Amino acid sequence: MSRQIEITATMATTSRKRLSSIAIDVFQRCALKVGSSVEGLVEEFEISWKPETRTYSRKFVEFCSAKALADMCRNLEEGIGNGSFSRFSFDMMLAWEMPSSEDEESRKECMAKAKEEKNKIIAANVPPEQDEIPLFYSDLIPLLVNDDPDVGEDAFVWLGSLVPLVSDLVNARFTFETLTAPAGHRLHFPAYDKFLKEIDKCMKHLQKQATPKGVELRDDEFILHVEGTASSQRVVRHIGSTSWPGRLTLTNYSLYFEASGVIAYENAVEIELSRDTLHSVKPASTGPWGAPIFDKAIVYESPEILEEVVLEFPEITSSTRRDHWLALIKEIVLLHRFLRKFNVESPIQAWKMHSRTILGVIRLHAARELLRISPPVPTKFLIFALCDELPKGDYVLEELAENLKLPNSGRPCSATSALRYLNMSQLSDSSVEVTDKFCNISTELDESRSSLENAVNQAREEEKKVAVAKATAVGLKEEGIGESVFIFMELLKPLNSRLSWFKEVLEWERPVATVIVLAVSLIITYKEWFGKAVATFLFWVVMTMFQARMEKIRENCDEIVVCTATDQSTMESIVAAQQGLQNVHEIVKTVNIAVLKFWSIFISKTRKHSDIAMAVLCGVAITLALVPTKYIIMGSTLYGFFMTSSLRKKTEDTNSGGDRRLKEWWDSIPVIRVRVVGKLPESDSHST
């Protein structure tokens with residue numbers, strides 16, 4: 001009691017320093033945690049920060065919390081286990097959300113109004129609306145008391161900026177949105193405490209996993225996910241028509257598969273995800289006799305391996321396991337692509353990104369344990385997979401790379417130190433001490449972190465706009481495709497040889513032929529021999545027709561026979577036909593949406609996109625009016641051949657910004673709603 005009076009007296013020196021009751025409580029506990037007197041903590045804050053009147057309370061809460069968290073992070077494992085870290089950090093978020101007494105009074109008024117509305121509903125015997133509640137809310141909190149305090153998104157993001165174990169600055173808002181979706185986007189303490197304990201449990205579980213047989217892991221290589229063991233679900237590798245069950249292990253460098261033997265596992269086959277090569281991983285379908293029936297597999301392709309690697313994750317209903325593994329593998333691939341693209345050569349900086357990626361994967365594991373009934377979208381917890389999907393996500397990665405170069409992170413606890421304090425990292429202390437010594441206790445939001453937050457917020461807003469635009473195309477219906485498509489495809493088969501040769505020429509698989517075709521095209525264009533070129537082509541057609549007459553092909557071709565027989569079984573043929581029909585449907589749907597987008601631009605459904613289109617059309621018109629056509633055609637030809645050359649593939653990562661901007665712009669165009677009716681109204685029928 002005397003301590004409380006002392007704090008109140010200290011903070012009452014001026015009217016501008018009125019803290020809320022929860023802020024005073026946090027202030028008291030922070031002073032005890034750091035072993036400082038109340039007066040000393042206040043004096044140190046006022047000397048260091050020189051705060052403004054309107055931000056004093058919140059800045060003071062941030063300062064005290066950062067001081068205490070620097071000490072608490074050194075005992076993270078113990079603090080999470082006994083719940084002291086969860087309780088204290090949650091109270092910090094409460095204090096940050098309502099630091100002053102005015103904020104506290106406003107919060108109480110809102111809660112009183114909400115309680116009054118609830119009592120009215122109960123009195124009227126009207127059942128309140130309830131959303132689907134995931135397992136961890138219903139089991140953890142049988143009676144979730146509405147009077148219990150909860151925190152919002154901004155407070156969660158602020159704590160994550162200080163303690164990256166809770167969340168990462170890049171995806172903190174997406175993480176919060178996923179975790180709190182069933183609770184009205186408010187975070188309750190039992191859920192928060194359980195989330196942290198699940199994180200600690202996942203770390204301990206991963207530390208107990210055995211190293212793949214015949215493999216010696218790197219010093220900074222850690223196991224992130226394992227399946228295919230006796231205590232987990234099966235993983236099957238398909239090699240041609242054979243299937244091999246085994247254990248699959250993912251680290252922050254590679255993917256290891258150990259085929260199951262009679263007694264023990266065989267030596268692991270390594271798929272190195274950190275290598276600088278044109279490898280890819282994508283979803284795939286498997287089934288008996290090679291028929292693509294079950295959409296529960298992934299396929300890894302790389303020019304350095306002769307045969308693609310197909311891994312199946314058997315599951316009764318959905319394909320969430322496959323999607324989970326696919327997201328994790330892509331995250332590791334994108335991590336190393338990020339390190340190469342931005343030339344992150346410093347081992348300290350590279351380990352920072354590895355640590356943040358590892359923590360993101362662990363948070364995803366913890367969230368999946370909590371949300372068992374409705375597993376979360378994996379990309380919401382992963383840094384690079386999220387930025388790869390977000391509009392303008394490449395801007396976020398650029399800001400992240402700039403932020404990585406700064407020695408002072410402004411955090412009392414970094415991702416690397418969090419792993420070390422939780423006994424996850426076994427790296428030498430020299431590599432970690434360099435990181436920790438820059439973690440000065442500070443609550444100022446430096447310019448680099450602010451720019452990173454702005455980039456994340458901008459990408460999030462763009463995502464919402466694109467989602468709204470894509471929602472306009474949902475439910476778009478298209479007509480079915482008749483059997484004539486199959487005949488049409490069969491009739492085009494004689495052209496396959498010509499098309500394959502032309503494709504090889506375009507892709508520089510026949511360098512000599514490619515150079516000849518390119519040179520002839522440029523000469524014809526420069527000399528303006530278009531008429532002569534067309535005439536040559538027509539003469540070639542006539543000669544081909546004359547040759548067919550001389551060979552008397554007409555006598556042997558009274559009719560064209562389209563053979564529908566295949567070497568496939570009945571089931572394989574049905575599946576193949578279904579797959580082909582689905583592909584055609586997707587093409588028709590894409591064309592329909594493209595036409596609607598063009599029409600939306602033409603009638604200025606969205607003025608911003610129409611303005612850009614008109615500006616581009618004017619630029620093209622001016623170019624066509626001023627520049628001779630032959631130079632435009634020559635430039636287009638050179639550009640087309642360059643796009644398919646190996647030089648383009650080498651510079652693809654650095655020059656992909658324009659393609660990404662164009663794709664994001666196209667995705668953000670809303671389409672006009674389509675309504676399908678069985679009969680036209682009378683007015684429309686008379687008008688037509």
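None of the values given here were measured: they were computed from a predicted structure. The first residue in the sequence is number 1, and the count goes up from there. Quick note: numbers below take in every heavy atom, side chains included, and nothing from hydrogens, waters or symmetry partners.
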Within the 4.5 Å heavy-atom criterion, are [X] and [Y] side-chain neighbours or not?
X	Y	answer
L255	T249	no
P378	L328	no
P670	V468	no
F381	I362	no
N252	T357	no
E198	L370	yes
L250	L273	yes
R186	T180	no

Nearest heavy atoms of [X] and [Y], plus distance in Å:
X	Y	answer
S86	Y192	O-CE2, 3.4 Å
E97	D150	OE1-O, 3.5 Å
C202	H365	SG-CB, 3.7 Å
L169	L452	CD2-CD2, 3.8 Å
G228	V235	N-CG2, 4.0 Å
L359	P164	CD1-O, 4.0 Å

Taking [X] first and then [Y], would you say they form a salt bridge - that is, a charged N and a carboxylate O separated by under 4.0 Å?
X	Y	answer
K663	E389	no
E312	R321	no
K282	E301	yes
R173	E177	no
R275	E304	yes

For [X] and [Y], indicate whether the former's side chain and the latter's backbone hold a donor-acceptor pair under 3.5 Å.
X	Y	result
R340	S274	yes
T251	Y253	yes
R74	A70	yes
S600	L596	no
S610	I601	yes
E315	K296	no
S65	E62	no
S319	R322	no
E331	A385	yes

What distance do [X] atom [atom1] and [Y] atom [atom2] have between them, rounded to the nearest 0.5 Å?
X	Y	atom1	atom2	value
W158	M93	CH2	CE	8.5 Å
L397	L404	CG	CG	11.5 Å
I223	H205	CD1	NE2	9.5 Å
S451	E453	OG	CD	9.0 Å
I593	I669	CD1	CD1	12.0 Å
I305	Y300	CD1	OH	6.0 Å

- Task: Before giving the answer on ring pair (Phe, Tyr, Trp, His ring centres under 6.0 Å), spell out for W351 and F222 the whole-Å C-alpha distance, their side-chain angles and the decisive distance to 0.1 Å.
- Result: CA-CA 12 Å; W351 175 237; F222 297 93; 5.6 Å; yes

- Does the pair E664 and R660 meet the rule for a salt bridge (charged side-chain N to carboxylate O under 4.0 Å, His left out), with working shown? CA-CA 6 Å; E664 292 171 358; R660 180 168 184 151; 3.1 Å; yes

Is the NZ or CZ atom of [X] positioned over [Y]'s six-membered ring, under 6.0 angstrom from the centre and within 45° of the axis?
X	Y	result
R234	F313	no
R87	F189	yes
R661	Y395	yes
R337	F384	no

- Message: So, applying side-chain contact (heavy atoms from CB on, under 4.5 Å) with H354, which one of L339, I332, L419 is it?
- Response: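 Result: among L339, I332, L419, L339 is the only option passing the side-chain contact (heavy atoms from CB on, under 4.5 Å) with H354.
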
- Between S254 and E272, is any side-chain donor less than 3.5 angstrom from a side-chain acceptor?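 Side chains of S254 and E272: no pair found under 3.5 Å.
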
- Task: For the pair R363 and D168, evaluate side-chain contact (heavy atoms from CB on, under 4.5 Å) and give the outcome as yes or no after the intermediate values.
- Result: CA-CA 10 Å; R363 282 191 293 268; D168 194 277; 3.4 Å; yes

I'd like to know whether the aromatic ring centres of [X] and [Y] sit less than 6.0 Å apart in this structure.
X	Y	result
H225	H324	yes
F598	W666	yes
H185	F176	no

- Please assess K204 against E77 for the test side-chain contact (heavy atoms from CB on, under 4.5 Å), listing each intermediate value before the final yes or no. CA-CA 10 Å; K204 293 178 180 178; E77 187 174 9; 3.2 Å; yes

- Task: Under the side-chain contact (heavy atoms from CB on, under 4.5 Å) rule, what do I383 and L400 come out as? Steps first, then yes or no, please.
- Result: CA-CA 10 Å; I383 299 175; L400 181 61; 4.2 Å; yes

- For atom NZ of K197, is the number of surrounding heavy atoms from other residues, nucleotides or ligands below 6.0 Å larger than 12?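 Yes - once you tally the heavy atoms of other residues, nucleotides and ligands closer than 6.0 Å, there are more than 12.
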
- Given side-chain contact (heavy atoms from CB on, under 4.5 Å), test W665 with H609 step by step and report yes or no. CA-CA 8 Å; W665 178 81; H609 298 89; 3.2 Å; yes

